[in-house]
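Structure, as structure tokens:
When a ligand or atom number is given, it counts from 1 through the structure's own listing order. Every heavy atom of this structure was used, including side-chain atoms; hydrogens, water molecules and symmetry mates were not.
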Amino acid sequence: MLYIVATPIGNLKDITLRALKVLKSVDLIACEDTRHTKILLNHYNIATPTTSYFQHNRLTKGEHILKLLKEGKGIALVSDAGTPGILDPGYHLINLAIINHIPMTFIPGPTAFIDALVLSGKPTHQFFFDGFLPNKSIARKNRLRELAGFKTTLVFYESCHRILSTLEDIREIFADKPIVCCRELSKKFEEIKRGAAGDILEEFKKQKPRGEFVLVV
Ligand code: SAM
């Protein structure tokens, strides 16, 4: 059985009883970064062996994990944070398991964009999650222009390195529309800023933005 296990996006207490039980009982945990996952495992005294499974070893390691699954082993798949498969390694292994008729289940838990969407107070009956916007400003603005035609809430992931330039582009395309910028969700310095992109940008210019971000437009 392949167990796709969501893990905390910050606060180590955001893990379900079922997730802990699965992580304790499987034969192997496939982790995006074993050192990162060890912090969680040590916190809960889980001694299950781990192996790395990430973007660049996904083909070879995927085959190895598939072989173990075919032998009847129980394997948990986790990423560094949140839900595997949501902009994290998982997609390839999940599809490999599907093609090979390996039974699988999902142990749900945090996903950063769901936290942000709920906290935003924006309509949630229809929303469009666009992951990370393009790196380059021209491509990013083009994508934002396309999305501006959508009549739904828009949700984006962003890093501290690009948050200022992305906010500049959102200001250009969406003008004064109120947006929500969620930083470091569930962590010690969690912060929710609400307002026009230009106003949030000015605040961040006074204090350099750090951490991880979700933008809701
Ligand atoms: N699999 C993850 C999930 O379920 O949300 C997403 C992984 S993606 C590689 C990493 C991005 O998720 C970050 O750049 C940030 O945009 C967002 N993110 C993850 N944790 C976050 C947090 N605690 N606060 C705000 N954003 C977060």
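Between F127 and F150, a ring centre-to-centre spacing not shorter than 6.0 Å is recorded.
Within 6.0 Å of CG on D176 lie no more than 12 heavy atoms contributed by other residues, nucleotides or ligands.
The protein residues lying under 4.0 angstrom from ligand 1, judged by non-hydrogen atoms, are I9, A81, G82, T83, I86, L87, D88, T111, A112, F132, Y157, E158, E184, L185, K187, E212, F213, V214.
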Verdict with reasoning, E212 to R183, per salt bridge (Lys or Arg N to Asp or Glu O under 4.0 Å): CA-CA 6 Å; E212 300 187 282; R183 186 173 79 88; over 6 Å; no
From CA spacing to verdict: side-chain contact (heavy atoms from CB on, under 4.5 Å), R171, L201: CA-CA 9 Å; R171 174 177 60 181; L201 193 58; 3.8 Å; yes
Verdict with supporting geometry, F128 and L147, side-chain contact (heavy atoms from CB on, under 4.5 Å): CA-CA 9 Å; F128 189 82; L147 295 171; 3.8 Å; yes
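Using cut-offs of 30° and 60° for the angle between ring planes, the F113 and Y157 rings count as tilted.
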